[in-house]
Protein chains: 2
Amino acid sequence: MLKRSFDSIGWALPVNSSASTKERILTAAEALFAQRGFEGASLRQLTAAAGVNLAAVNYHFGSKDNLVEEVFKRRLDQLNARRMAALKQVAGQPGTTLEDVLSAFIRPALDLSHDGGGGLFMRVLARAFADHDDSLRKFLSENYGHVMRQFTAEFARLLPNLSKEELYWRIDLVTGALTHAMSGFGIIQRKSDVSETTHREQTAAHLIRFAAAGLSAP
Amino acid sequence: MLKRSFDSIGWALPVNSSASTKERILTAAEALFAQRGFEGASLRQLTAAAGVNLAAVNYHFGSKDNLVEEVFKRRLDQLNARRMAALKQVAGQPGTTLEDVLSAFIRPALDLSHDGGGGLFMRVLARAFADHDDSLRKFLSENYGHVMRQFTAEFARLLPNLSKEELYWRIDLVTGALTHAMSGFGIIQRKSDVSETTHREQTAAHLIRFAAAGLSAP
DNA sequence: GGGGGAGTCAAACGATCGTTTTGTTTTGTG
DNA sequence: CACAAAACAAAACGATCGTTTGACTCCCCC
């Protein structure tokens, strides 16, 4: 099978033994889901990596499906809150540029990969996109829709000559570029001589410049 | 489990009973991999959808892993050939525009979803991106690298004032946008009153306009 | 017309999956 | 301290996974 051996991961998961069992499971699940997918990561691998008993998942989360949702919720709530906070500072103001709004959209996502250890989450998200599952789609729309609507409204304000259809299309393409870049598949890898912070700043700059130009295409 | 019931797919796979067993398997595999992922699609579902015996996969392909590779190879070869043919007609010529090269890059991918029934392949590709597997990455680089290098060279010719790093970044972002749009996750769905051909043409137009602006950002 | 590889088939293999059960330990509270 | 609830642990459950086996059919070629 497509199985990469478990030992070949090469780096141990940082099992914070002081954290609660629930947190340990969530952290290990996020990492394992990102690496092996939702179906590829088994509860036995997962609980072993978290250092908890196999039954703990079903005890604390009810089922593997619920665990998947919780993994999503934890990071999405974080991401949504940061995006909304960033948007609030620039939305509706006269001096606001397209780059400002894009920054509010992109930087919280990039920051997620630095603190909180949520870097792998974007890969999980890319997986969810590819999974194309209707229930997951609905879940994302329910927990994500209001944020996207607010951003869309602000984009519409700054790009008044764009039809609604055009705007939807372009925002969708920006999302695709962001997800792709953040899921880390691209050829672009951080060079060892630039710090994580610097690399993140460069990534944001590239994304924002590209997206701003794409959005305001003639 | 994350299992969508098999019956809920809602549309029967077009099992061309005249095709060879190998072809039937490949076609069914492409559709099922796109819908349920490489690990989510079982050989029993697959062979049932193809109307062949369970053992036929291991007989004709040796293993499920080899089948995955063959599914990739069949479409990638097609896609590569069409992209190279399209690029050849515009590369190096004085009157060539950025849009021409982007068209050579994008349209073959979109066309794949129309004829040959390879529409689901892009979702498979998006999955492969998300899978982030090293062996798959290597496989893609081996079967895809030379095409990307040719396109990169032509982009570099048309965008001489872009640093190599900038160019790599932007091409990567274009790829992300294209994959995302084609994997069909986006909000944009074909409306029932526009034909498939028209919708494809509109998609290509949106993508090319967006990508051209993004690539030639200041 | 008979030998032989190619193809198909039902059946079974061991492994692993998510989940459940049952019993024990820990924790909080009166 | 005693009692109840929460948490943990070991073992087993049935289902499903990819793969293998061995027999049976078909068809081509000597």
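Every chain is numbered from 1 and lettered A, B, ... according to where its sequence line falls, protein lines coming before strand lines.
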Short side-chain to backbone donor-acceptor contact, B:Asn80 and B:Asn143, under 3.5 Å: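 Answer holds: yes.
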
How about A:Arg36 and A:Gln45: does a side-chain donor come under 3.5 Å of a side-chain acceptor?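 Their side chains do contain a donor-acceptor pair, which is all the 3.5 Å distance test asks for.
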
Checking contacts here: which listed nucleotide ([options]) is nearest the side-chain heavy atoms of [X]?
| X | options | value |
| --- | --- | --- |
| B:His60 | C:dC17, C:dG7, D:dC8 | C:dG7 |
| B:Ser42 | D:dC17, C:dA12, C:dT8 | D:dC17 |
| A:Gln45 | D:dT20, C:dC17, C:dA10 | C:dC17 |

If you look at every strand shown and take non-hydrogen atoms under 4.0 Å, does B:Ala55 touch a base, only sugar-phosphate, or nothing?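 The residue B:Ala55 makes base contact.
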
Pairwise 5' ranking along DNA chain D for A:Val52 and A:Arg44, keeping only the more 5' one: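 Counting from the 5' end, the first nearest nucleotide belongs to A:Val52.
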
Starting from [atom2] on [N], measure out to [atom1] on [X] and report it in whole angstrom.
| X | N | atom1 | atom2 | answer |
| --- | --- | --- | --- | --- |
| A:Arg36 | C:dC17 | CZ | C1' | 14 Å |
| B:Asn53 | D:dA23 | CG | C1' | 13 Å |
| A:Leu43 | D:dA10 | CG | P | 17 Å |
| A:Asn58 | D:dA10 | CG | P | 17 Å |
| A:Glu39 | C:dT16 | CD | P | 18 Å |
| A:Ile25 | D:dA9 | CD1 | C1' | 13 Å |
| B:Leu54 | C:dC13 | CG | C1' | 12 Å |
| B:Phe38 | D:dG18 | CZ | P | 14 Å |

State, yes or no, whether a side-chain contact exists between A:Phe61 and A:Glu69 at a heavy-atom distance under 4.5 Å.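 A side-chain contact under 4.5 Å is absent here.
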
C:dT8 OP1/OP2 closer than 4.0 Å to side-chain N/O of B:Thr21: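 B:Thr21 to C:dT8 OP1/OP2: side-chain N or O found under 4.0 Å.
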
Whether A:Trp169 and B:His199 hold their rings parallel, tilted or perpendicular, with breakpoints at 30° and 60°: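 Taking B:His199 first and then A:Trp169, their aromatic rings sit tilted (interplane angle of 30° to 60°).
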
Establish, for the pair A:Lys64 and A:Phe38, whether the NZ or CZ atom is under 6.0 angstrom from the six-membered ring centre and no further than 45 degrees off its axis.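 Judged by the rule, A:Lys64 and A:Phe38 form no cation-pi pair.
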
